[in-house]
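Accompanying notes for the structure given below.
By convention here, the first residue in the shown sequence is residue 1.
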Amino acid sequence: MTSISAFMGALGRYEFLQSALLTAIMVGIMSGVIGSFIILRGMSLMGDAISHAVLPGVAVAYMLGINVLVGASVFGILAVVLIGFVATHSKIKTDTSIGVVFSAFYALGFILISMAESATNLHHILFGNILAVSDQDIMTTAIVLGIVILFVSFFYKELLITSFDETYARTYGLKTQVLHYGLMLVLTLVTVSALLTVGIILVVAMLITPAATAFLWTNKLVTMLFLSASIGAVAAISGLYFSYTFNWASGPAIVLMAAVLFAVSFICAPKQGFLKWRSAKGGQQR
């Protein structure tokens, strides 16, 4: 309790800690919401690819002095288009084309950043530096969160249908490709925002883990979205608390807390948890 009181006291005194907490919560919420659609569509590897592919965009934006969202979005969408082009116009499967494209973009990003920045800044890009967020970073994160909420609100039915039955969606007349690239653009924006908190290496964990945790608790998409967003926010708050209390790196601490919540849910979830699954399997054997 003493450490919690100390954290709350520090939160009241230090503006940088308040900014860090606000940013972490927003990133946790948007990652949880978008991550839900990513895992339902079986696109976890695509999320990993985009999180790495935006690195050269970040470097180019830094070198040109423009907003990182612009550079990262361009390279994120370019990576998605290239992945689709290679998979469509060759015998190479999608997962292979993802591996080729994102590794090439990641390598290019490393080279560009090594030319443009110091090793310290490179470390912050890879692992996050939430305690150094600026007012502009907070505003950018808030704008991306608003875009995520608007996108999901306006296209909820279309996202629902295409996530569970894309063939039916095409038959129904939905423009699945347009929706796919729209989702990829939003995913790219979320990925760039998450760079501030957990960095490129760990951003895919925040996209996948809260959503996977929520998936264990419910079969309804609306409930999953709210649960995933809540889990992302709780992981952000608890991760920042442990980061401040024990002097841990903030990004890994947030991801670790998300993993702990997943582990507990994996064991205890009433519908799809390990204990329920084991009990049901034992009943079938008897």
Which atom pair, heavy atoms only, marks the closest approach of [X] to [Y]?
X    : Y    : result
P56  : F75  : CG-CD2, 3.6 Å
T213 : A258 : OG1-O, 4.3 Å
V203 : T191 : CG2-O, 3.9 Å
Y244 : A10  : OH-CB, 3.1 Å
S265 : L216 : C-CD1, 3.9 Å
I92  : S97  : CG2-N, 3.7 Å

hydrophobic_cluster_shared for [Y] and [X], side chain cutoff 4.5 Å:
X    : Y    : result
I147 : F155 : yes
V178 : I161 : no
L240 : L145 : yes
I34  : I77  : yes
I25  : V234 : no

Check your understanding: In this structure, which one of L207, V148, V152 forms a side-chain contact (heavy atoms from CB on, under 4.5 Å) with M30?
Key -> V148

Roughly how far apart are [X] [atom1] and [Y] [atom2], rounded to 0.5 Å?
X    : Y    : atom1 : atom2 : result
M257 : W248 : CE    : CH2   : 5.5 Å
D95  : I83  : CG    : CD1   : 10.5 Å
F262 : I267 : CZ    : CD1   : 10.0 Å
I38  : L187 : CD1   : CG    : 4.5 Å
F215 : S36  : CZ    : OG    : 10.5 Å
Y241 : L11  : OH    : CG    : 13.0 Å

Solution key, residues 221-232 side-chain donor-acceptor pairs under 3.5 Å, sequence neighbours excluded:
from: S228; atom 1: OG; to: G32; atom 2: O; distance (Å): 2.7
from: S228; atom 1: OG; to: A211; atom 2: N; distance (Å): 3.2
from: S230; atom 1: OG; to: F226; atom 2: O; distance (Å): 2.8

With side chains defined as the heavy atoms from C-beta onward, is the minimum distance between [X] and [Y] less than 4.5 Å?
X    : Y    : result
L21  : I237 : yes
V144 : M26  : no
M8   : I4   : yes
F242 : I254 : no
F7   : L17  : yes

Check your understanding: Does S90 reach the main-chain N or O of A87 with its side chain, forming a donor-acceptor pair under 3.5 Å?
Key -> no

Practice item. Say whether, by atom type as modelled, one donor and one acceptor occur between the side chain of T188 and the main chain of M184 under 3.5 angstrom. Key: yes

Which side-chain N or O atoms in residues 40-48 pair as donor and acceptor under 3.5 Å with protein atoms at least two apart or in another chain?
from: R41; atom 1: NE; to: S163; atom 2: OG; distance (Å): 3.3
from: R41; atom 1: NH2; to: T162; atom 2: OG1; distance (Å): 2.4
from: D48; atom 1: OD1; to: H52; atom 2: ND1; distance (Å): 3.1

Practice item. Check the pair D137, T140 against side chain to side chain donor-acceptor pair (under 3.5 Å), reporting the backbone distance first and the verdict last. Key: CA-CA 5 Å; D137 294 329; T140 299; 5.4 Å; no

Exercise for review: Determine whether more than 12 heavy atoms belonging to other residues, nucleotides or ligands lie under 6.0 Å from atom CZ of F85.
Suggested key: no

Review point. With a cut-off of 6.0 Å (strictly less than), are more than 12 heavy atoms of other residues, nucleotides or ligands near CZ of F246?
Key: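 Check passes, neighbour count above 12.
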
Practice item. Determine, stepwise, if the pair M206 / V190 fulfils side-chain contact (heavy atoms from CB on, under 4.5 Å). Key: CA-CA 10 Å; M206 284 305 292; V190 171; over 6 Å; no

Show every donor-acceptor pair shorter than 3.5 Å between a side-chain atom in residues 103-112 and any protein atom, with sequence neighbours excluded, or say none if there are none.
from: S103; atom 1: OG; to: G99; atom 2: O; distance (Å): 2.7
from: S103; atom 1: OG; to: V100; atom 2: O; distance (Å): 3.0

